[in-house]
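For reference, the structure discussed in these notes is given below.
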Amino acid sequence: MDRFIIRGGKPLHGKITIGGAKNAGLKLMVAGLLTAERLTLTNVPRIADIATMRDLLVQHGVGVEDLNGNGTSYAIGGEITNTEAPYDIVSKMRASILVLGPLIARCGKARVSLPGGCAIGTRPVDMHLKGLEALGAEIRLEGGYINATAPKGLIGDRIVLPFASVGATENLLMAATLAKGRTEIINAAREPEIGDLVSCLNKMGARITGTGSGTLVIDGVDALYGAEHRIMPDRIECGTYACAAGITGGDLKLVGGQVDDLGAVVRALEETGVEVSQEEDGMRVRRTGALRGIDIMTEPYPGFPTDMQAQFMAMLAVAEGASMITETIFENRFMHVPELNRMGARINVHGSSAIIRGVHALSGAPVMATDLRASFSLILAGLAAHGETILSRVYHLDRGYEAVEKKLAACGANIERVKG
Ligand SMILES: CC(=O)N[C@H]1[C@@H](OP(=O)(O)OP(=O)(O)OC[C@H]2O[C@@H](n3ccc(=O)[nH]c3=O)[C@H](O)[C@@H]2O)O[C@H](CO)[C@@H](O)[C@@H]1O
Ligand SMILES: C=C(OP(=O)(O)O)C(=O)O
């Protein structure tokens with residue numbers, strides 16, 4: 001298992017190019033299941049989750065061609081020959097559940113392993129299943145698998161989501177594109193990645209309106225077609241490197257970063273004393289004064305994203321005064337707290353809130369990554385700490401961040417990957 005060795009204490013200066021968004025790219029690849037024609041995706045991030053999604057599509061029988069041989073453009077297309085998504089892939093990557101809706105819509109049946117929980121929460125898929133049943137799917141759970149059929153095809157309906165789930169919205173949205181008649185998804189999630197998916201589906205011939213409004217209206221069509229789509233920049237990767245500038249007191253240009261996708265994150269950065277501006281080719285982030293403690297609550301978009309919570313916690317650990325972070329999306333997303341405390345942070349968790357008392361400095365220590373964003377919070381702490389931090393289990397990080405050590409080292413960080 002690879003490890004990172006980080007020697008902290010250097011402010012970061014320079015440019016970091018933001019890649020395509022993991023949380024858009026994965027769904028856009030799945031959208032390739034909705035047509036036999038060729039869907040070309042560009043700006044694909046070179047991360048482990050994308051490779052896993054590629055394996056999943058290939059085992060459904062669909063071709064995934066690497067167009068320029070470097071993993072940044074894929075052409076997806078072909079007939080589906082296998083409608084099963086097996087446990088070994090789904091258990092590795094929860095986003096695999098998103099093949100369920102498209103497979104039922106296109107093939108009238110699907111057998112998809114239940115994803116189960118993960119380090120951040122139990123993460124049930126009840127809303128995905130209830131919504132698909134409302135569209136006419138018959139669903140049985142057996143042996144850890146979801147067995148779904150739609151003998152008469154899917155039929156549009158009005159679906160009210162009890163919570164604006166990103167995954168449920170996407171699964172139902174994709175299924176509804178090929179359903180008969182109109183589907184309305186009320187209390188739909190409004191994350192920008194869903195807007196990116198809608199824009200690609202509409203290029204493929206879908207008829208979807210209401211992006212970002214909380215109500216999506218989908219008029220089903222008989223078939224979808226080939227298209228070409230550039231994946232949006234990863235706002236979470238951008239926010240994460242913004243925290244790297246913030247915690248080290250540096251000055252970074254995040255090429256391709258868009259302030260507009262990061263409203264709540266930008267407001268929180270500014271409140272802590274980090275300056276953010278939109279420039280022609282990306283977002284500039286710098287800090288010259290002290291970091292100040294703030295209170296944050298995670299919420300569905302446009303609120304503060306849970307996927308930025310751990311990174312802010314690392315930054316607030318060295319801010320002046322006390323901060324409180326309340327996590328409302330996942331019930332167990334504080335696994336980074338004991339690791340940050342091992343580096344000298346003073347954080348206490350009370351239920352779904354963490355109280356952070358800022359310390360003057362952190363000190364390097366051996367620490368363990370537990371999930372994707374928690375991993376990066378430990379890198380951030382390591383970049384600001386005195387001495388050496390050794391981060392193990394970086395495979396969590398490789399799921400969603402491309403070339404972390406190269407991007408950081410190019411801006412002056414002392415970080416190396418040790419293979420093993
Ligand atoms: C691949 C991807 O895009 N992942 C993102 C997606 O995850 P994901 O799509 O899994 O997140 P959801 O918005 O669905 O989940 C939010 C909450 O709703 C609960 N829930 C969800 C569905 C359901 O049927 N029943 C249920 O109870 C979940 O357990 C969780 O507590 O959105 C999350 C919230 O912004 C992000 O943190 C993830 O990075
Ligand atoms: C929680 C995340 O991803 P996933 O939903 O794939 O676990 C994330 O990107 O922070």
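Counting starts at 1 for both ligands and their atoms, in listed order.
- Dense packing is recorded around CZ of R94, with more than 12 heavy atoms of other residues, nucleotides or ligands lying under 6.0 Å away.
- Using a 4.0 Å cut-off between heavy atoms, Y301 makes no contact with ligand 1 at all.
- Residue, atom and distance of the protein heavy atom nearest to atom 22 (C) of ligand 1 are P124 O, 3.4 Å.
- Close approach of ligand 2 to R123 is summarised as follows: ligand atoms under 4.0 Å from at least one heavy atom of the residue are 4 (P), 5 (O), 7 (O).
- In terms of N/O distances under 3.5 Å, ligand 1 is not approached by A164.
- Considering D196, T42, T40 in turn, D196 is the only one that fulfils the side chain to side chain donor-acceptor pair (under 3.5 Å) rule with H229.
- The shortest N or O to N or O distance between T122 and ligand 1 is not below 3.5 Å.
- Within the 4.0 Å heavy-atom criterion, neither part of E299 lies near ligand 1.
- Side-chain contact between D281 and K253 is present, with heavy atoms from C-beta onward closer than 4.5 Å.
- With hydrogens left out, the protein atom closest to atom 8 (P) of ligand 1 is R123 NH2, 3.7 Å, a heavy atom.
- Residue N23 places at least one N or O, backbone or side chain, under 3.5 Å from an N or O of ligand 1.
- Counting protein heavy atoms only, atom 3 (O) of ligand 2 is closest to K22 NZ, 3.1 Å.
- For ligand 2, the atoms closer than 4.0 angstrom to any heavy atom of I120 are 1 (C).
- Annotation: D49 places no N or O atom under 3.5 Å from an N or O atom of ligand 2; distance criterion only.
- The existence of a salt bridge linking R106 and E79 is confirmed by a sub-4.0 Å separation between a basic side-chain nitrogen and an acidic carboxylate oxygen.
- Contacts between I236 and ligand 2 below 4.0 angstrom, taking non-hydrogen atoms only, are absent altogether.
- At under 3.5 Å, a nitrogen or oxygen of M127, whether backbone or side chain, sits near a nitrogen or oxygen of ligand 1.
- When R399, M308, M93 are ranked by how near their heavy atoms come to atom 6 (O) of ligand 2, first place goes to R399.
- Any N or O atom pair closer than 3.5 Å counts here, and A95 shares no such pair with ligand 1.
- Distance check for atom 1 (C) of ligand 1: a protein heavy atom is found below 4.0 Å.
- Heavy atoms of L129 found under 4.0 angstrom from ligand 1: none, in either backbone or side chain.
- For K203, the NZ atom counts as densely surrounded, since its 6.0 Å shell holds more than 12 non-hydrogen atoms of other residues, nucleotides or ligands.
- Taking distance alone, with nitrogen or oxygen atoms compared against 3.5 Å, D307 approaches ligand 1 more closely than that limit.
- Residue contacts with ligand 1 for V166 involve both N, CA, C or O and side-chain atoms from C-beta outward (heavy atoms, distance under 4.0 Å).
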Contacts under 3.5 angstrom, residues 18-32 side chains, donor-acceptor by atom type, not counting sequence neighbours:
{"from": "K27", "atom 1": "NZ", "to": "N23", "atom 2": "O", "distance (Å)": "3.0"}
{"from": "K27", "atom 1": "NZ", "to": "E170", "atom 2": "OE1", "distance (Å)": "2.8"}
{"from": "K27", "atom 1": "NZ", "to": "E170", "atom 2": "OE2", "distance (Å)": "3.0"}

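- By the criterion of a heavy-atom distance under 4.0 Å, neither the backbone nor the side chain of E170 is placed next to ligand 1.
- Of the candidates Q309, R333, R373, the one placing a heavy atom closest to atom 9 (O) of ligand 2 is R373.
- Counting non-hydrogen atoms of neighbouring residues, nucleotides and ligands closer than 6.0 angstrom, the OH atom of Y87 reaches no more than 12 such neighbours.
- For the side chain to side chain donor-acceptor pair (under 3.5 Å) with H336, the qualifying choice from Q311, R373, Q309 is Q309, the only one to do so.
- For the pair F330 and ligand 1, the shortest N or O to N or O distance does not fall below 3.5 Å.
- Side-chain contact check for T328 and E299: no donor-acceptor pair (N or O, by modelled atom type) lies under 3.5 Å.
- Between K22 and ligand 1, a contact under 3.5 Å exists for no N or O pair.
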